[in-house]
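Below: the structure, in structure tokens.
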Amino acid sequence: MAQNLAPIPELFVSYESAQKLKVEAADLVSWDLTPRQICDLELLMNGGFNPLKGFLTEADYDGVVDNMRLADGALWPMPITLDVSEKFAEGLEAGQDIALRDQEGVILATMTVTDNWVPNKSKEAEKVFGADDSKHPAVNYLHNTAGNVYLGGPVTGIQQPVHYDFRTRRDTPNELRAYFRKLGWRKIVAFQTRNPLHRAHQELTFRAAREAEANLLIHPVVGMTKPGDVDHFTRVRCYEAVLDKYPASTTTMSLLPLAMRMAGPREAVWHGLIRKNYGLTHFIVGRDHAGPGSNSQGEDFYGPYDAQDLFKEHEEEMGIKMVPFKHMVWVAERAQYEAIDEIEDKDDITILNISGTELRRRLAEGLEIPEWFSFPEVVKELRKTKPPRSKQGFTVFFTGFSGSGKSTIANALMVKLMEMGGRPVTLLDGDIVRKNLSSELGFSKEHRDLNIRRIGYVASEITKNGGIAICAPIAPYATTRRAVREDVEAFGAFIEVHVATSIEECESRDRKGLYKLAREGKIKEFTGISDPYDVPESPELRIETEGTDVDNCAHQVLLKLEAMGLIAGE
């Protein structure tokens, strides 16, 4: 496969045209892009998504969903769509230009809307992600975050999104191609990662480069990855700490502003096409590449080698070669990393390995992380972001019917935690939040969801800054609780406590007279009476309050926090 480092097409207009277009675009109807759409737009404009000229038309979308092909037959495995609300889509006409703005209101591009349609999201989930299962983060996003209408059409780039972090590490495809040309690099293998680099990764990248007789590009994703991943600021500091372990003239690093979909086999092919656009000749594809973990049945979404198989199938057409990821383990007797499938004397040696789960446990509990596993510099960066659990912030999220006892238990817990000291404690009770944060909201499903999302946002900020947030809303909907969990778990632990008091008991308590009004039809959409409550399937703790005093209920939560290592035992 011959390397072609000629510039690839970008969607930007010239600087002079951009200044003129910016003025004209100010009068256009505009769409404020979501973080994921900003990532997609950046790679559309800079050529990372070449041959796409904009967000997919309906015909292109159908082809991509059905058989990984654009309408003209070109290979492309991932739908790149501009999802918007029904209200926004309603007012648009075919051929209309709209302005695409970032979250600060800066116009990044204009788009000519040629297509406007309502997709079959369940079909998209089945075909692209292999299952319509909301345990998959991209399927959950598709159904619960993405807009219901897709817009398609060509994009005219005005300016790149602004990044204030790691600016010297961010290269467009053409900037990287020019860099490779300047250095005379002919073969370059890319390593895709969304995790910190440890010694095993360094060893496998060394080997991959040696096998391919190629230079190495460490090309980590710094757009959106899987909820719960280490944030990209920490990861990039970890990568920079490891870079000088590589021979200087053989290796470089650049950041990729990609919003991952965790789509396994299709994602591997997508990553390969993107790397081809960046001027690379080889790409390391791992075991269960871009897999999101377990589905609703507790099994992996994809087989361990599905991604490698699909990549291999399309390798020739893509014009980039796959280097399969070797599973590296530490052989204690020889004090070195070796590929597990190349070890012949397995019965006579000690093989050591630390899984991602085990690493997270050791970080959480402040336990030693051996030098054979990771570099001290990397561990130091990870410990900065992930102190031991007993020093991290966390959120306790009570959910249950009105009158179940959530607020009373939450108050008792707050007092007990304040008595212990060590971290600031904030109570975000439903009524307190309604008064101070959400006084303008009603009780429709949309408004109740918005209220819970606000609580989640505040709780995540408290957690991020090392405090304890105690939340006690009704929070009837599982999808909203999951969204709050994801917000909080980016920064610390989330403990869902289901206060499982029966509706009959809650109604008999009815201190505020709300159930009576709901039965009389004077309160619409009342949880448990005229509106559903999604019982939590697997909360961290379920509390039965009937026949149990408040002190005991609060103590059950404390015991759970202690068992999780979040507070010290008495």
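Atoms considered below: every heavy atom in the structure, side chains included; atoms not considered: hydrogens, waters and symmetry mates. On a predicted model such as this, the values are computed, not experimentally measured, just so you know.
In the model, Thr463 has a side-chain atom that pairs as donor or acceptor with a side-chain atom of Thr395 under 3.5 Å. Remark: the Asp171 side chain and the Ser254 side chain contain an N/O donor-acceptor pair separated by less than 3.5 Å. A donor atom on one side chain and an acceptor atom on the other are found under 3.5 Å apart for Glu124 and Tyr61.
Here the straight-line distance linking atom CD1 of Ile8 with atom CZ of Arg177 works out to 5.0 Å at 0.5 Å rounding. Between atom CG of residue Leu52 and atom CE of residue Met45 there is a gap of 13.5 Å, rounded to the nearest 0.5 Å. Here CD1 of Ile452 is found 8.5 Å from OG of Ser438. Values are rounded to the nearest 0.5 Å. With rounding to the nearest 0.5 angstrom, the CG atom of Leu280 is 14.0 Å from the CZ atom of Phe191. Thr156 OG1 to Asp97 CG: the interatomic distance, rounded to the nearest 0.5 Å, is 7.5 Å. Within the model, atoms CG of Leu151 and OG1 of Thr114 stand 9.0 Å from one another, a figure rounded to the nearest 0.5 Å.
The stretch residues 7-18 participates, sequence neighbours left out, in these side-chain hydrogen bond (donor to acceptor under 3.5 Å, both in side chains) pairs: Glu10-Asn174, Ser14-Ser17. Judged as a ring-ring contact (aromatic ring centres under 6.0 Å, His included), the pairs with a partner in residues 17-37 (not counting sequence neighbours) are, in order, Trp31-Phe88.
A donor-acceptor pair is defined here as one N or O able to donate and one able to accept, closer than 3.5 Å; such a pair exists between the side chain of Thr399 and the backbone of Ala475. Within the 3.5 Å criterion, the main-chain N or O of Gly272 finds no donor-acceptor partner in the side chain of Trp270. In this structure, the side chain of Arg170 does not engage the main chain of Leu255 through any donor-acceptor pair within 3.5 Å. Counting only distance, with no hydrogens or angles, the side chain of Arg287 and the backbone of His327 share no donor-acceptor pair below 3.5 Å. Not one N or O on the side chain of Lys187 forms a donor-acceptor pair closer than 3.5 Å with the backbone of His282. Under a 3.5 Å cut-off, the side chain of Asp60 and the backbone N or O of Ala71 do form a donor-acceptor pair. Side chain of Asp288 to main chain of Pro304: no donor-acceptor pair is present (N/O by atom type, distance under 3.5 Å, no hydrogens or angles). Using modelled atom types, no side-chain atom of Thr81 and backbone atom of Asp83 make a donor-acceptor pair closer than 3.5 Å. Under a 3.5 Å cut-off, the side chain of Glu267 and the backbone N or O of Ala263 do form a donor-acceptor pair. Checked by atom type and distance alone, the side chain of Asp300 never pairs as donor or acceptor with a backbone atom of Gly303 at under 3.5 Å.
At a threshold of 4.5 Å between non-hydrogen side-chain atoms, the residues Thr193 and Tyr239 count as touching. Side-chain atoms of Asp32 and Gln103, non-hydrogen and from C-beta on, never get closer than 4.5 Å to each other. Annotation: side chain of His232 is not in contact with side chain of Pro220 (no heavy-atom distance under 4.5 Å). For the pair Leu41/Leu108, a side-chain contact is recorded, criterion being any heavy-atom separation below 4.5 Å from C-beta on. For the pair Tyr457/Leu437, no side-chain contact is recorded, criterion being any heavy-atom separation below 4.5 Å from C-beta on. Using a 4.5 Å heavy-atom threshold, the side chains of Asn451 and His447 count as separate.
No salt bridge links Asp132 with Lys121; every basic N to acidic carboxylate O contact stays at or beyond 4.0 Å. Ion pairing of Lys312 with Glu315 is present here, as a side-chain N (NZ or NE/NH1/NH2) and a carboxylate O approach within less than 4.0 Å. One finds a salt bridge joining Glu461 and Lys464 here, because a Lys/Arg side-chain nitrogen approaches an Asp/Glu carboxylate oxygen to under 4.0 Å. A salt bridge between Arg261 and Asp40 is present, with a side-chain N of the basic residue lying under 4.0 Å from a carboxylate O of the acidic one.
By the 30° and 60° cut-offs, the orientation of the rings of Phe129 relative to His136 is tilted. Between Phe233 and Phe166, the two ring planes are tilted [angle within 30° to 60°].
Between Gly54 and Leu11, the shortest heavy-atom contact is N-CD1, 4.3 Å. For Leu5 against Trp185, the heavy-atom pair with the smallest separation is CD1-O, 4.0 Å. Nearest heavy-atom pair across Ala268 and Phe283 is O-CE2, 4.1 Å. Residue Ala18 comes nearest to Ile158 through the heavy atom pair CB-O, 3.7 Å, listed as atom of the first residue, atom of the second, then distance. Val113 and Leu92 make their closest contact through CG2-CD1, 4.3 Å (heavy atoms, listed as atom of the first residue, atom of the second, distance). Contact between Pro137 and Lys226 at its shortest, heavy atoms only, is CG-CG, 4.4 Å.
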query = What do the steps show when you test Thr252 against Ile218 for side-chain contact (heavy atoms from CB on, under 4.5 Å), and what is the final call?
reply = CA-CA 6 Å; Thr252 190; Ile218 297 171; over 6 Å; no
task = Apply side-chain contact (heavy atoms from CB on, under 4.5 Å) to Lys53 and Asn50, showing your working.
result = CA-CA 7 Å; Lys53 298 289 182 274; Asn50 183 58; 4.0 Å; yes
key: Test log, rule side-chain hydrogen bond (donor to acceptor under 3.5 Å, both in side chains), inputs Thr57 and Asp115   = CA-CA 6 Å; Thr57 62; Asp115 293 64; 4.8 Å; no
request  = In sequence, state the C-alpha distance, the side-chain angles, and the governing distance for Glu175 and Arg167, and then conclude on salt bridge (Lys or Arg N to Asp or Glu O under 4.0 Å).
outcome  = CA-CA 13 Å; Glu175 285 167 348; Arg167 294 175 84 148; over 6 Å; no
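Checked against a 6.0 Å centroid threshold, the rings of Phe325 and His289 do not count as neighbours.
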Enumerate donor-acceptor pairs with a distance under 3.5 Å from any side-chain N or O in residues 482-493 to protein atoms, sequence neighbours excluded.
residue: Arg482; atom: NE; partner: Glu486; partner atom: OE2; Å: 3.3
residue: Arg482; atom: NH1; partner: Ser134; partner atom: O; Å: 2.3
residue: Arg482; atom: NH2; partner: Ser134; partner atom: O; Å: 2.9
residue: Arg485; atom: NH1; partner: Glu489; partner atom: OE2; Å: 3.1
residue: Arg485; atom: NH1; partner: Glu540; partner atom: OE2; Å: 3.0
residue: Arg485; atom: NH2; partner: Glu540; partner atom: OE1; Å: 2.9
residue: Arg485; atom: NH2; partner: Glu540; partner atom: OE2; Å: 3.4
residue: Asp487; atom: OD2; partner: Arg453; partner atom: NH2; Å: 3.3

When the side chains of residues 200-208 are checked against the rest of the protein, which donor-acceptor pairs come out under 3.5 Å, sequence neighbours left out?
residue: His201; atom: ND1; partner: His198; partner atom: N; Å: 2.8
residue: Gln202; atom: NE2; partner: Lys245; partner atom: O; Å: 3.3
residue: Thr205; atom: OG1; partner: His201; partner atom: O; Å: 3.0
residue: Thr205; atom: OG1; partner: Gln202; partner atom: O; Å: 2.8
residue: Thr205; atom: OG1; partner: Tyr246; partner atom: OH; Å: 2.8
residue: Arg207; atom: NH1; partner: Glu342; partner atom: OE1; Å: 3.2

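Residues passing the ring-ring contact (aromatic ring centres under 6.0 Å, His included) test with Tyr179: none are found, sequence neighbours excluded. For Glu240, the salt bridge (charged side-chain N to carboxylate O under 4.0 Å, His left out) partners at least two apart in sequence or on another chain are Arg169.
Within a 6.0 Å sphere centred on NZ of Lys135, other residues, nucleotides and ligands contribute 12 heavy atoms or fewer.
Relative to the six-membered ring of Phe397, Arg481 misses at least one condition, a distance below 6.0 Å or an angle of at most 45° to the axis. For the pair Lys445 and Tyr477, the cation sits on the ring face: its NZ or CZ lies under 6.0 Å from the ring centre, inside 45° of the axis.
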